[in-house]
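Positions are given from 1, in the same order as the sequence printed here.
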Amino acid sequence: MELINDPIVEAAIAKLRKRSQEGILKYGCTMARTDLDFLAWIVHAQEEAMDFFIYLERLRQDYIDMEIEVKRQGHPFVEWFKKLFRSKGE
């Protein structure tokens with residue numbers, strides 16, 4: 001079977017590699033480090049997840065603010081805006 005490159009996956013891999021290099025330069029170690037125990041890794045993961053949640057909340061609030069402003073100004077692209085941000089499941 002011939003492998004097909006997915007440009008989205010390739011872009012994600014490139015970002016992971018770049019992030020890894022930045023972390024190695026910043027912290028002087030790789031993720032293969034052995035100085036942390038299992039619980040410490042869980043704490044790190046929880047902290048990252050909390051940051052992620054905060055980023056999502058910021059984006060959600062930005063979306064709400066944009067939607068309110070678009071409706072307030074009565075822009076002709078209100079329907080386009082709604083379609084752009086509507087989930088595929090609706």
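- At a threshold of 4.0 Å, the pair K18-E22 counts as salt-bridged, since one of the basic side-chain nitrogens sits closer than that to a carboxylate oxygen.
- Screening residues 41-56 for salt bridge (Lys or Arg N to Asp or Glu O under 4.0 Å) gives no qualifying pairs among residues at least two apart or on separate chains.
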Compile the donor-acceptor pairs under 3.5 Å between side chains in residues 3-17 and protein atoms, sequence neighbours left out, one pair per line.
residue: D6; atom: OD1; partner: I8; partner atom: N; Å: 2.8
residue: D6; atom: OD1; partner: V9; partner atom: N; Å: 3.4

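- Taken from CZ in R72 to CG in D65, the straight-line distance is 12.0 Å, to the nearest 0.5 Å.
- Placement of Y63 and L56 in two distinct hydrophobic clusters is found when ILVMFWY residues are connected by side-chain heavy-atom separations under 4.5 Å, directly or transitively.
- For R60, the side-chain contact (heavy atoms from CB on, under 4.5 Å) test picks out E57, I64, with sequence neighbours left out.
- Grouping Ile, Leu, Val, Met, Phe, Trp and Tyr residues whose side-chain heavy atoms lie under 4.5 Å apart, directly or via other members, places W41 in a hydrophobic cluster with M31, L36.
- Residues that satisfy the side-chain hydrogen bond (donor to acceptor under 3.5 Å, both in side chains) test with D37, not counting sequence neighbours, are absent from this structure.
- For the side-chain contact (heavy atoms from CB on, under 4.5 Å) test, residues two or more places apart in sequence or in another chain that qualify with T30 are I24, A32.
- Here the CG-CD distance, from D62 to E67, works out to 13.0 Å after rounding to the nearest 0.5 Å.
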